[in-house]
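Structure record follows, encoded as structure tokens.
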There are 2 protein chains.
Amino acid sequence: MARPDAIADGAEVSDAALRDFVGYQMKRAFNVLQADLTRTLEPFGLRMLTYSALALIVQNPGLRPSQLATALAVERANVVVYVDQLEEAGWVIRAPSPEDRRAYALQCTLAGRRVYARAEAAVKAHDARMLHGLTRDEVGTLRKAFALIEGRA
Amino acid sequence: MARPDAIADGAEVSDAALRDFVGYQMKRAFNVLQADLTRTLEPFGLRMLTYSALALIVQNPGLRPSQLATALAVERANVVVYVDQLEEAGWVIRAPSPEDRRAYALQCTLAGRRVYARAEAAVKAHDARMLHGLTRDEVGTLRKAFALIEGRA
DNA sequence: TATTGTTATACTCTATAACTATA
DNA sequence: TATAGTTATAGAGTATAACAATA
């Protein structure tokens, strides 16, 4: 029954069915944002996840990996890799936990705080770049929508 | 200089630095949406990308893989895999292109149109589920923001 | 028994490089 | 030369299962 139609070579490709699909539009936007953020953080030797982990450790000295996993909404197993990378870079140390000998107290080094401060400025600029053209209210709506969707988990 | 502070064990973890980071909030929301969509499409043997590819082939009979890659905003090499899977499932065929012997005219089978129709209904329900709680205007703002960010590429 | 950090593994998404057959 | 489809590969994100040490 599938007739081998001729190709619409120069013709426009219709994406009508996908324009209504908000999840797909979000994916495409996120891909662009993610690519820009990767380029933004690359000079610092960071990615979105290592940057986010570093931010949480800077602001919560003594944080344990399991707490970090919860805060980042990822599995514990993946956090091991982020902390490995941050530790190899000399930005974070795994200090022994005084309360629980199974756990570690994640501490930020001076170099870690310094790279974070510089990266933070770059990330703020990235955010502003991505949201340029939206009003304050529209950005507020965006944040509200993200929080709402995240709460659907 | 890095003092091994005590762990704030039961204490709240501050994510103040990340609450301002819109890209990160978007990532978290997208992770939740993506997980829900994966569950939604799993019964049909589809994922976001194979569903999207199928939608474009249904609506654009004779589409060539390179056109599909452009429409999906992914590299040609990745499209090969999507088409392989759709073809193995019996939903799409690679018909010879009458104009260019290097190319294929992608055609949808009857089974392909049927599974797409059923999956489309499920995806619409998924979208509604994710956006429930937002006004029509807010969803409009969301779409506008996604289009704007995607245009930053 | 349960939890912490860890290792191993697997699947998906994405991109690049290089190949072939055509153009 | 350039393009279409393909293959191979690599990096990143995510998740699950299982283990040793400790609670």
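Chain A is the first sequence line, chain B the second, and so forth, proteins listed ahead of strands; every chain is numbered from 1.
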Using a cutoff of under 3.5 Å, can you pull out all pairs of nitrogen or oxygen atoms linking the protein to nucleotides 20-22 of chain D, with atom names and distances?
from: D:dT22; atom 1: O2; to: A:Arg102; atom 2: NH1; distance (Å): 3.4

Inset, instruction - State whether A:Ser66 places a side-chain N or O below 4.0 Å from either non-bridging phosphate oxygen (OP1 or OP2) of C:dG5. - result: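 Yes, A:Ser66 has a side-chain N/O under 4.0 Å of OP1/OP2 on C:dG5.
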Legend entry - Check: A:Thr40/A:Arg129 side-chain N/O donor and acceptor closer than 3.5 Å: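 Result is yes, a qualifying pair exists.
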Legend entry - Validation row: A:Leu142, A:Glu138 side chains within 4.5 angstrom (heavy atoms):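 Answer no - side chains too far apart.
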Legend entry - Side-chain heavy-atom pair B:Val80, B:Pro65 within 4.5 angstrom cut-off: no
Interatomic spacing from [atom1] in [X] to [atom2] in [Y] - rounded to 0.5 Å:
X: B:Ile57; Y: B:Asn60; atom1: CD1; atom2: CG; answer: 9.0 Å
X: B:Ile149; Y: A:Leu131; atom1: CD1; atom2: CG; answer: 6.0 Å
X: A:Gln67; Y: A:Arg76; atom1: CD; atom2: CZ; answer: 13.0 Å
X: B:Ser52; Y: B:Leu46; atom1: OG; atom2: CG; answer: 9.5 Å

Positions of [range] (non-hydrogen atom under 4.0 Å from DNA chain C), listed by number:
range: residues 75-82 of chain A; answer: A:Arg76, A:Ala77, A:Val80
range: residues 84-92 of chain B; answer: none
range: residues 27-51 of chain B; answer: B:Arg47, B:Leu49

Inset, instruction - Give a yes or no on whether the ring-centroid distance for A:Phe30 and B:Phe146 is below 6.0 angstrom. - result: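 No; B:Phe146 has its ring centre 6.0 Å or more from that of A:Phe30.
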Legend entry - Close aromatic pair by centroid cut-off 6.0 Å: A:Tyr51 and A:Tyr116: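 Yes, they do, as the ring centres are separated by less than 6.0 Å.
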Legend entry - Distance, rounded to the nearest Å, where B:Glu99 contributes CD and C:dA21 contributes P: 23 Å
Inset, instruction - Considering only NZ, NE, NH1 and NH2 on the basic side and carboxylate oxygens on the acidic side, decide whether B:Arg94 and B:Asp84 come within less than 4.0 Å. - result: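 Yes, charged N to carboxylate O under 4.0 Å.
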Legend entry - salt bridge (charged side-chain N to carboxylate O under 4.0 Å, His left out) partners of residues 22-34 of chain A, not counting sequence neighbours, each pair once: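 Output for this query lists A:Arg28-B:Glu150.
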Inset, instruction - Please collect all salt bridge (charged side-chain N to carboxylate O under 4.0 Å, His left out) contacts where either partner lies in residues 37-58 of chain B, sequence neighbours excluded, each pair once. - result: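 Qualifying pairs: B:Asp36-B:Arg39.
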Legend entry - Under 3.5 Å donor-acceptor, B:Gln59 side chain and A:Ala17 backbone: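 Yes.
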Legend entry - Proximity to the side chain of B:Arg94 - top-ranked nucleotide from D:dA4, C:dG5, D:dT6: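 Within the option list, the nearest is D:dT6.
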